[in-house]
Amino acid sequence: MTDSLTKTAAANAPINDTRKAELLSKQVKHIDIKSFDARPIVDAMADMSFTSRDLGRATKIYNDMLADKDCTVCLVIAGSTSAGGCMDLYADLVRNNMVDVIVATGATIVDMDFFEGLGHKHYQALEIPDDDTLRSLYIDRIYDTYIDEEQLQDCDFTINKIANELEPRAYSSRAFIREMGKYLSEHGKKENSLVKLAYEHDVPIFCPAFVDSSAGFGLVKHQVDQMKAGKPYLMIDAVADFRELTEIKIQAGTTGLLMIGGGVPKNFIQDTVVCAEILGHEDVEVHKYAVQITVADVRDGACSSSTLQEAASWGKVNTGIEQMVFAEAGSVMPLLASDAYHRGYWKDRAKRGWAKLFA
């Protein structure tokens, strides 16, 4: 009981601004894949064994996707690599026409990228004190990375503001995220935002679990306020997400998947093949190319860890051009992306502009 009372008292105490400033003193710097050429090290790793060789082959497959003029490249992101320093990396993939569609978690898109697009930052944890202490300071922790909860609430309320200004109807996450990109294009404070650049380059972003993020708080407040006022409210249509992404798969034909992590985004993009077949498109191609970077153990039986070979049994991916890389994505994605940037196959790619399909 004493511990409980102590924690309650600490949570209600005034925030120690000096201590908070100490903990939020070192910003995470996002890596710039253009500033170094990873081709020599990736080539060398391809001649090694174990994960090094896997990364070499995965990088070659991604380059093959970019060189294939018929291939639509889908970037699939789960986990916290954006907060950890890969945010500009993903933005550069969009800016340089290296991805055509994005499927991600709500946290990646809202709590991390949109959050920084509003001018906020992520911070390196130089020390990790007791998490109750962090809570008393309104600091949220992602492993060794900090977020200012007060700034995150600004993200919540900005989502609420966007929702309040839209026509009250059903929106796919893609449609709502496009409005977020439009907002950043007009009011944002960061040029290299994935959400902003995707809006400007007509790259659709899908978040199949959109409200599992700061968007959820803002949208719940929108609905509650509108209901109290007796007014209609905006809704997120998850079925429309699936339908729209499947339509892209049907129209695209040849597709390649570059997947960081697993979970819902991974299963969502893979299931478009099955959904297209159910809609009567029996000639739809399985995903021709697939790369997944994950630390999930295949023995846990979840979507995060099911291998790409396993997905082939479901009729989702090609067994011949796939590669699993069991590594922490933040440590290997900079090498893969830098290699692909400097090899330059993206320079000859036609822009897909799949967002225009729903204009």
Side-chain angles (χ1 to χ4, degrees), residues 54 58 62 73-87 89-90 93 99 101-115 140-143 145 147 172-174 176-177 194-195 198 204-216 236 238-242 244-246 248-249 255-275 286-287 289-317 322-333 336:
D54 291 342
Y62 180 48
V73 178
C74 305
L75 174 65
V76 183
I77 314 172
S80 300
T81 48
S82 291
C86 289
M87 199 172 293
L89 181 161
Y90 297 135
L93 296 186
V99 297
V101 178
I102 298 168
V103 183
T105 58
T108 294
I109 298 304
V110 186
D111 302 52
M112 298 174 197
D113 186 88
F114 186 73
F115 171 80
D140 300 327
R141 180 167 72 89
I142 307 172
Y143 184 50
T145 302
I147 303 174
S172 65
S173 67
R174 175 208 56 81
F176 191 86
I177 293 167
L194 180 68
V195 173
I205 299 176
F206 294 87
C207 287
F210 186 51
V211 297
D212 183 23
S213 66
S214 275
I236 299 299
V239 178
D241 272 336
F242 200 12
E244 290 180 356
L245 190 58
T246 299
I248 291 176
K249 173 57 187 164
T255 46
L257 310 180
L258 175 59
M259 298 185 286
I260 295 87
V264 174
K266 172 188 174 182
N267 207 49
F268 194 63
I269 186 65
Q270 289 184 338
D271 275 349
T272 56
V273 178
V274 178
C275 190
V286 298
H287 297 296
Y289 309 92
V291 168
Q292 183 183 5
I293 301 171
T294 181
V295 292
D297 192 316
V298 297
R299 294 171 298 182
D300 74 9
C303 287
S304 296
S305 60
S306 60
T307 64
L308 295 169
Q309 287 284 334
E310 180 181 319
S313 74
W314 295 75
K316 298 176 182 180
V317 300
E322 56 82 20
Q323 182 62 55
M324 300 290 300
V325 180
F326 291 100
E328 192 278 306
S331 64
V332 296
M333 268 303 295
L336 180 149

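Note that these values count all heavy atoms, side chains included, but never hydrogens, waters or copies made by symmetry.
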| Asp54 side chain reached by Met324 side chain, heavy atoms, under 4.5 Å | no

| Is any side-chain heavy atom of Val101 less than 4.5 Å from a side-chain heavy atom of Phe206? | yes

| Beyond-backbone contact of Thr272 with His287, side-chain heavy atoms, under 4.5 angstrom | yes

| task | Heavy atoms only: give me the nearest Asp113-Met87 pair and the separation to one decimal. | result | OD1-CG, 3.6 Å

| task | Quick one: pull up NZ in Lys266 and CG in Asp271 and give me the separation to the nearest 0.5 Å. | result | 11.0 Å

| query | Should the heavy atoms of other residues, nucleotides or ligands under 6.0 Å from CG of Asp212 be counted, would the total exceed 12? | reply | no

| Listed partners of Thr105 passing side chain to side chain donor-acceptor pair (under 3.5 Å), at least two apart | Thr108

| request: Could you pull out all residues at least two apart from Ser172 that satisfy side chain to side chain donor-acceptor pair (under 3.5 Å)? | output: Glu244

| said: Within this structure, what is the CG-CE distance for the pair Asn267 and Met259, rounded to the nearest 0.5 Å? | reply: 10.0 Å

| request: Take Phe268 and Val76 through the side chain to side chain contact (heavy atoms under 4.5 Å, CB included) test and state the conclusion after the steps. | output: CA-CA 10 Å; Phe268 194 63; Val76 183; over 6 Å; no

| Counterpart residues, ring pair (Phe, Tyr, Trp, His ring centres under 6.0 Å), relative to Phe210 (two or more places apart) | Phe176

| said: Minimum heavy-atom separation for Gly261 and Gln292, please, with both atom names. | reply: O-NE2, 3.0 Å

| Ile77 side, atom CD1; Met112 side, atom CE - distance, nearest 0.5 Å | 10.0 Å

| field | Check against side chain to side chain contact (heavy atoms under 4.5 Å, CB included), Leu336 and Leu258 | value | CA-CA 10 Å; Leu336 180 149; Leu258 175 59; 4.3 Å; yes

| Partners passing ring pair (Phe, Tyr, Trp, His ring centres under 6.0 Å) against Phe115 (at least two apart in sequence or in another chain) | His120, His122

| remark: Heavy-atom closest pair (Ser213 atom, Asp111 atom, distance to 0.1 Å) is CB-OD1, 3.2 Å

Side-chain donor-acceptor pairs of residues 79-86 under 3.5 Å, sequence neighbours excluded:
from: Thr81; atom 1: OG1; to: Tyr90; atom 2: OH; distance (Å): 2.8

| message | Evaluate Ile260 against Leu75 for side chain to side chain contact (heavy atoms under 4.5 Å, CB included), listing each step before the verdict. | response | CA-CA 8 Å; Ile260 295 87; Leu75 174 65; 3.7 Å; yes

| query | Where do Ile293 and Ala327 come nearest, in terms of heavy atoms and distance? | reply | CG2-O, 3.6 Å

| note | Note: Leu194 and Ile205 closest approach over all heavy atoms is O-CD1, 4.3 Å

| task | Go through the structure and list residues passing side chain to side chain donor-acceptor pair (under 3.5 Å) with Tyr62, not counting sequence neighbours. | result | none

| message | If I compare all heavy atoms of Cys207 with all of Ile177, which pair ends up nearest, and what's the gap? | response | SG-CD1, 3.7 Å

| message | For a 4.5 angstrom cut-off between non-hydrogen side-chain atoms, does Gln270 reach Val103? | response | no

